[in-house]
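Residue numbers count from 1 along this sequence.
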Amino acid sequence: MNKQNEIMEKMEKLGKSTGKFIERYLKTKVMIVIGILMLTAIISIGLSSRPTPDNKTTKMGVEDIGEVVTRVAYCTEISLTEDVKKLLGLKIPFTQRKYICSYDFVIKAGVDFGEIEWKEKNNTIEVKLPEVKVISSELDMESFKIYHKDESVFNQIDLADNNEAIKIMKRNAEKTAVENGLLEEARSNAEMLVKEFISSAYDLKKYKVVFTDKQ
């Protein structure tokens, strides 16, 4: 009888521990299912509340780009400084100076894409481009070269002379770049870039793109 009682007690303990295990297992499964449902609901809400992009922005995407460099020109400018001090219209001996140097300049031109206007009608997309302009003129300090330097102790090249020479070279570099078609090439490249934006939303086999100057 004692052995039977022991067996019965063990079976009762085993049944209680098994029941607790099953109960914990079921609770865990329920919590996992609830968690999955909540996560699915959150994702669904997030997707449904996501703002729909503006149709115009989606089609072009150029409104917030700002200034874009579409063409770069590289120019080397040479500066010649040559003079002599005078007194009463007469040259003063030993005051002659001659200074020849050069700098490289990087001239960048482009368009402010934020100013572009466009509209689509009857399978034609009309794009109004703002004026193409020189965006920057950068001096390459490491490109500095001296070809000739002859100065007098009474008439030396100073910092003011050098700064003035750089200003003149910069203006000449911009002028040279523009005269050699910098702005026209920048305009052409801008049109190509805008067409790339348009082609991402329109089939250019069905639409004609026309560019005009923005007044």
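- In this view, Lys128 and Glu117, Glu126, Thr212, Lys214 satisfy the side chain to side chain contact (heavy atoms under 4.5 Å, CB included) rule, not counting sequence neighbours.
- Smallest separation of non-hydrogen atoms from Ala73 and Leu182: CB-CD1, 4.0 Å.
- Residues Ile146 and Lys149 come closest through the heavy atom pair CG2-CB, 4.2 Å.
- For Asp104, the side-chain hydrogen bond (donor to acceptor under 3.5 Å, both in side chains) test picks out Thr76, with sequence neighbours left out.
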In residues 132-141, what donor-acceptor pairs under 3.5 Å come from side-chain atoms, sequence neighbours left out?
from   : atom 1 : to     : atom 2 : distance (Å)
Lys133 : NZ     : Glu67  : OE2    : 3.1
Ser137 : OG     : Glu174 : OE2    : 2.4
Glu138 : OE2    : Lys108 : NZ     : 3.2
Asp140 : OD1    : Glu142 : N      : 3.2

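- Considering all non-hydrogen atoms of both residues, Ala165 and Ser79 come closest at CB-OG, 3.4 Å.
- Grouped with Met192 in a hydrophobic cluster is no other residue, since no side-chain heavy-atom contact under 4.5 Å to another Ile, Leu, Val, Met, Phe, Trp or Tyr is found.
- Atom CZ in Phe105 sits 9.0 Å away from atom CG in Asn172 (nearest 0.5 Å).
- Take Lys167 and apply the side chain to side chain contact (heavy atoms under 4.5 Å, CB included) test, not counting sequence neighbours, and it matches Glu164, Arg171.
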Before you tell me yes or no, could you show the steps for Arg97 and Thr81 under side chain to side chain contact (heavy atoms under 4.5 Å, CB included), namely the whole-Å CA-CA distance, both residues' side-chain angles and the distance that decides it to 0.1 Å? CA-CA 8 Å; Arg97 66 175 181 174; Thr81 301; 4.2 Å; yes
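- Using a 4.5 Å heavy-atom cutoff, the side chains of Val209 and Val194 are not in contact.
- With sequence neighbours left out, the ring pair (Phe, Tyr, Trp, His ring centres under 6.0 Å) criterion links Phe144 to Tyr103.
- For the side chain to side chain contact (heavy atoms under 4.5 Å, CB included) test, residues two or more places apart in sequence or in another chain that qualify with Glu191 are Leu129, Arg187, Phe211.
- For the atom pair CZ (Phe197) and CH2 (Trp118), the distance works out to 12.5 Å, reported to the nearest 0.5 Å.
- Side chain of Asn189 to main chain of Arg71: no donor-acceptor pair is present (N/O by atom type, distance under 3.5 Å, no hydrogens or angles).
- In terms of the side chain to side chain contact (heavy atoms under 4.5 Å, CB included) criterion, residue partners of Tyr74 (sequence neighbours excluded) are, by chain and number, Val72, Val106.
- The backbone N or O of Thr124 lies less than 3.5 Å from no partner atom in the side chain of Asn122, so there is not a single donor-acceptor pair.
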Worked verdict on Phe113 versus Leu193 for side chain to side chain contact (heavy atoms under 4.5 Å, CB included): CA-CA 10 Å; Phe113 273 49; Leu193 189 57; 3.6 Å; yes
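- The OG1 atom of Thr176 sits 9.0 Å away from the CD1 atom of Ile107 when rounded to the nearest 0.5 Å.
- Once rounded to the nearest 0.5 Å, the distance linking SG of Cys101 with CE of Met169 reads 4.5 Å.
- Side-chain contacts under 4.5 Å among hydrophobic residues (ILVMFWY), followed directly or transitively, place Tyr147 together with Ile78, Leu80, Ile100.
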